[in-house]
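Only heavy atoms go into these numbers, but all of them, side chains included; no hydrogens, no water, no symmetry mates. Being a predicted model, the structure only gives us computed values, none of them experimental.
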Amino acid sequence: MLCAFILLLSLVGFYLDVRPFKYTSTVKPSDLGVAYENISFRTQDNILIDGWFIPNSSQNAKTIILLHGYPADKGPIMGTIMFAN
């Protein structure tokens, strides 16, 4: 019985690692008082990638590309963007 429980728990853990729940946030740069533009790109295999372009007014500004990992979306990395400016 204990072996069956451990096996079931392992299978559930494996499934959740392979197919985690998608985290969707509603945070936008404008919620934090940051100006931005919506941008999108279509990949060669026809996948649409959405993002935000947040301009920097400094003449010597560099471009930083931040990529979130699955299962999150771009909203939770806004804190990182705020520190990058």
Inset, instruction - Kindly compute the distance separating CG (D50) from OG (S40), expressed to the nearest 0.5 Å. - result: 5.5 Å

Cut-off 3.5 Å, no hydrogens considered: what does the side-chain donor-acceptor table look like for residues 31-38, sequence neighbours left out?
{"residue": "D31", "atom": "OD2", "partner": "K28", "partner atom": "N", "Å": "3.0"}
{"residue": "N38", "atom": "OD1", "partner": "W52", "partner atom": "NE1", "Å": "3.4"}

Legend entry - Residue N60 excluded, over 12 heavy atoms near CG under 6.0 Å: no

Legend entry - Set of side chain to side chain donor-acceptor pair (under 3.5 Å) partners for D17, sequence neighbours left out: none

Legend entry - Cluster check F21, Y15: I/L/V/M/F/W/Y, side chain < 4.5 angstrom: yes

Inset, instruction - Using a cut-off of 6.0 Å, state whether more than 12 heavy atoms not belonging to R19 lie near its atom CZ. - result: no

Legend entry - Remaining members of the apolar cluster that contains I39, side-chain heavy atoms under 4.5 Å: F41, F53

